[in-house]
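Each chain gets a letter, A, B and so on, in the order the sequences are listed, and its residues count up from 1.
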Amino acid sequence: MMGGLTVLVLLMLSPAGKKDPSFDATTRKTSEKNGDRPGFFRPSLFAGVYKNSEKTIGYFPEGEIEEFVRFPWGSDKNSLGRTRPEEGNPEGPMAFRVTEKGDLVVLDQVNGRIQVYQHGQWVRSVPIPSDTYHDFALGADGRIAALDRFSRDEVVFISESGRTEGRIPLVGPEIPEGGLATGIFSLPDGTWVEVGHERLVRVADSQGRPLEDRSVMPGRPSADGRWLLQALREGPNAAVVLVRPVESPGGAPVLLARVEFPLPVLQLTALESDSTGRVYLAAAIARFDGSDPARVLEEYEPVVVLSPEGTELGRAVFPPRTLPEETLVPVRVAPDGTIYQMAFTESGVVFRRAVL
Amino acid sequence: MKALVSIASGLAVVSAAFAASAECPSISRDDIVRLCNQAMGYSYYWGHASWRTDGASHGSCSGSCPDCTHSGQYGADCSGLAGKVWQVPRASAVTEDYHPYSTYNFRYETTHWTRVSRGAAMIRGDALVYNTDGHGHIMIYDSGDAWGTPKVWECKGCSYGCVYGSHSITSSYIGIRRHNLATQHAQGKLQGTVYVDKGSGSDDMSQRLPGATVSTGGKTATARDGDAYWSFTLDAGNHTITARMSGYRDGSRACAVPEGGEAWCSIGLTAVCVPDCSGKACGPDGCGASCGSCPADHACSAGVCQCVPQCQGRECGADPVCGASCGACGAGEACADGVCRCQPACQGRECGPDGCGASCGECPPGLRCDEAGLCQACVPQCQGRACGPDPLCAQSCGSCPPGQQCRDGQCASCAPECAGRSCGADPRCNVRCGVCEPAQVCDASLGACQAIPSDRGKIFGTVRQRHRAGENESPGPAVPRASIALDGQPLLDADEEGYFELLADPGEHLVEASAAGFGSASATCSVAGGAHAECSIELARLAADVGDEIVVQGGCGVGGNSLSFLAVVLTGLLMARRRRG
């Protein structure tokens with residue numbers, strides 16, 4: 001089924017639609033055959049409605065998806081690290097963020113560093129004290145809070161220069177198991193760790209000091225600061241987004257939207273928001289062969305864009321991430337609403353983005 | 001250690017052959033979980049699988065495997081953990097360093113396990129495994145979190161050790177389930193939501209019913225706030241779930257609970273309808289019936305019958321049914337039969353526009369209409385003008401001699417264009433280019449003389465001024481541009497030398513001439529088809545005083561068959577004067 005489909009066409013356009021020569025050194029125009037399953041995805045289709053043979057997978061009225069930068073596997077400054085042991089967990093960069101000014105910040109924990117890129121070009125590296133961090137948050141003062149949820153079960157605060165400024169234990173009140181942490185957030189009142197993709201636990205104050213009484217928020221704060229967002233898988237093919245006002249987090253949640261997917265949901269992969277209050281829900285969806293559960297017939301990673309009122313505005317359908325390397329944060333949304341996906345291929349890491 | 005590890009693949013082959021000969025021992029899922037929990041905290045030990053039940057002596061790993069360094073006796077790698085907690089292919093104590101399978105075996109063989117679908121089919125104690133190109137990983141599945149991200153037990157790697165937590169995975173991992181699992185107090189999770197069934201079932205679950213009561217067997221739960229989610233842990237098998245909510249009909253579903261797994265069983269409730277006609281005389285009662293109907297010419301609005309104005313074809317005034325206004329007319333308009341009409345504004349005005357496109361009246365000759373709509377004496381403004389109408393009263397300031405044109409009130413010479421023209425007036429200066437012979441008639445458009453048509457007769461002549469009584473008998477001077485009428489119908493003007501010609505049906509005709517400053521005169525002339533008749537006319541100049549006598553005579557000359565002559569015309573005014581005298 002897949003073999004006859006069209007090979008992935010990679011777009012090399014900037015958001016404005018013009019070729020950006022600054023990306024030439026790190027982007028490639030050729031089709032990527034390893035990791036991107038040929039035929040699943042043709043970016044040029046996403047200016048409108050994209051359907052597979054049976055169902056509407058996504059629609060993206062005024063946007064397009066483009067690959068904007070690639071990094072080969074490796075350890076030099078223009079590379080990102082991967083580990084793929086013979087008998088153990090394979091890893092790529094575990095998380096990334098895009099700052100308000102557009103810097104791409106990648107947690108390259110395999111190489112023990114955080115990489116900062118501007119327009120695809122390396123800017124600086126911030127050393128981190130371990131290769132076991134899975135997420136990080138950027139404080140307003142530039143300080144980095146890194147989450148180690150397995151090895152040392154701690155949050156470590158790192159200065160922009162890479163100096164370790166403090167460590168606080170992860171396990172404690174409201175966090176019984178470090179491995180259940182699913183994200184870390186720097187908010188004005190301190191550092192919060194997400195548990196089980198459901199609730200946030202405040203583990204440190206704004207100075208990075210550990211807290212005896214850890215407060216809990218039922219969800220992630222939205223980028224506009226108004227809501228707490230929760231996403232829950234609901235049945236095999238759907239998910240719901242619940243919201244609560246930040247001012248009254250203990251109140252009853254409101255069902256913002258129920259999102260149906262055309263294929264079974266393997267797992268939700270992102271719940272993001274932008275400064276205008278739009279909400280973004282990403283999911284890895286796939287259909288398996290009924291007679292061979294190991295055989296994937298088709299799969300995608302759609303990002304559903306919801307208005308602040310819960311109306312579905314569009315779906316950006318990214319290519320599936322098919323390699324086994326673990327990552328905790330594969331999809332992010334920048335404050336301006338640009339959607340980013342980090343995907344791994346046999347040759348390196350590719351970052352794609354969709355601009356509404 | 002490296003030597004031991006390096007033979008992992010060979011060991012797997014050997015172990016697979018051994019395993020094929022016997023069924024693995026029966027264990028329960030709880031056994032698997034218990035063994036997993038014992039292993040947590042132990043170090044990653046590549047190619048090994050052993051730990052202690054008291055949780056002591058974790059050991060440590062450093063470096064990058066397979067070139068890593070391990071200290072201590074205990075620990076496990078990922079496939080070692082899976083083989084040990086699954087107790088395959090045989091039972092082995094956790095303290096026994098026994099590592100029979102690699103991820104290759106788990107991924108590609110099915111000797112003691114079976115592939116299962118990812119997602120909801122995964123049950124605690126199953127495993128997730130990948131193996132590609134000599135690399136692989138395996139984890140023991142616990143459950144999924146809110147996003148569906150698996151929570152797993154795994155010996156993750158040298159830096160991590162054996163840990164429990166959420167692990168985001170891709171489709172490269174497949175699910176496998178151990179054979180010969182003992183049935184034990186088999187329970188599973190049944191979950192769902194309660195929503196308003198709007199007629200489309202689960203296609204529209206957008207409206208939830210938090211607070212609904214959900215029950216099965218002796219268990220009861222309340223649908224939670226927000227998404228109205230509920231869940232039960234139930235024995236595996238079929239269960240009937242019932243949901244209740246005030247204002248809705250009870251709803252029930254039969255759903256199957258998988259052993260150790262989870263299933264969804266959302267329930268839609270339809271609203272119980274209570275007719276609501278309070279304060280309503282008409283319209284829907286909310287349950288598909290009506291609270292009443294309205295009389296003719298009335299419509300229901302918010303439960304009240306309201307008269308519907310009939311304003312079709314009307315733009316103003318009261319509608320004939322309800323008496324309501326159909327609209328108002330603008331300023332200067334009045335409503336008549338539902339239509340706004342312009343009201344003439346002639347009060348106090350005797351002339352000029354009435355505001356509706358008509359006139360309030362015309363002023364007598366010599367008077368003009370001022371801005372107030374009153375007729376006022378008009379003094380022509382001919383200063384500096386020798387000809388043409390004056391701009392105020394539109395009275396003539398004079399006429400130009402032949403060969404000149406009036407331009408902007410001044411006579412200017414004009415060069416006639418008579419080339420190619422033998423008769424009639426030139427198109428530029430309206431000056432005669434010539435006169436045809438009596439037996440021919442002028443085609444004025446071409447300026448060419450042509451034969452008289454056989455079915456018409458030519459009447460021609462000259463308009464001259466009649467001498468006063470006592471003056472000489474020679475012909476008077478020509479009267480230029482006199483107006484010529486035939487049988488009472490104005491027809492043409494004579495040229496600058498008083499000459500005119502016209503075609504008429506054969507027979508007798510009244511030819512009349514008039515010119516400014518002259519009294520009109522007429523003559524009766526007969527003409528035959530194809531023939532011509534001269535019909536000159538003399539005009540008498542109007543007298544400057546009462547004593548003048550003015551006589552106008554007309555005369556016909558015969559160019560064809562017969563001749564009759566009679567022409568005496570007096571103006572009414574002069575006739576009266578003569579009678580008084």
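- Heavy atoms closer than 4.5 Å to chain A are found in both the backbone and the side chain of Thr103(B).
- In this structure, the separation between OG1 on Thr132(B) and CD on Glu346(A) is 8.0 Å, given to the nearest 0.5 Å.
- Put simply, of His167(B), Glu154(B), Arg115(B), the one with the most heavy-atom pairs under 4.5 Å next to chain A is His167(B).
- For Pro218(A), the side-chain contact (heavy atoms from CB on, under 4.5 Å) criterion is met by Leu228(A), Gln230(A), Arg244(A), Pro249(A), not counting sequence neighbours.
- Of the listed residues (Pro90(A), Ala238(A), Ala286(A)), the one with the most heavy-atom contacts under 4.5 Å to chain B is Pro90(A).
- Between the side chains of Asn89(A) and Tyr160(B), no donor-acceptor pair of N or O atoms lies under 3.5 Å.
- Atom CD of Glu86(A) is separated from atom CG of Asn131(B) by 10.0 Å, given to the nearest 0.5 angstrom.
- Neither the backbone nor the side chain of Glu301(A) comes within less than 4.5 Å of any heavy atom in chain B.
- If you measure heavy-atom distances from Ala181(A) to chain B, the contacts under 4.5 Å come from the backbone alone.
- Between Trp113(B) and Tyr101(B), the gap from one ring centroid to the other is short of 6.0 Å.
- Shown here are the disulfide (SG to SG under 2.5 Å) partners of Cys162(B), two or more places apart in sequence or in another chain: Cys155(B).
- Considering OG of Ser159(B) and OH of Tyr133(A), their distance stands at 11.5 Å, rounded to 0.5 Å.
- In this structure, His137(B) has its ring center at least 6.0 angstrom away from the ring center of Tyr130(B).
- Contact annotation for Lys156(B): both backbone and side-chain heavy atoms come within less than 4.5 Å of a heavy atom of chain A.
- Contacts with chain B were tallied for Leu180(A), Asp131(A), Leu256(A), Thr132(A); Thr132(A) has the most, counting heavy-atom pairs under 4.5 Å.
- Contact residues of residues 188-200 of chain B toward chain A are Thr193(B) (heavy-atom distance under 4.5 Å).
- The greatest number of non-hydrogen atom pairs below 4.5 Å with chain B, out of Leu266(A), Val254(A), Val240(A), is found for Leu266(A).
- Ionic pairing of Arg84(A) and Glu325(A) is present here: one or more N-O contacts between side-chain nitrogen and carboxylate oxygen are shorter than 4.0 angstrom.
- Residues Phe150(A) and His134(A) place their aromatic rings such that the two centres sit under 6.0 Å apart.
- Ranking Ala257(A), Ser151(A), Pro85(A) against chain B, the residue ahead of the rest is Pro85(A), based on heavy-atom pairs under 4.5 Å.
- Across Leu328(A), Thr83(A), Asp292(A), Leu271(A), the residue that shares the most heavy-atom pairs under 4.5 angstrom with chain B is Leu271(A).
- Looking at Tyr229(B), neither its backbone nor its side chain comes within 4.5 Å of chain A, counting heavy atoms on both sides.
- Listed by chain and residue number, Arg321(A), Pro330(A), Met342(A), Phe344(A) satisfy the side-chain contact (heavy atoms from CB on, under 4.5 Å) test with Thr327(A) (two or more places apart in sequence, or in another chain).
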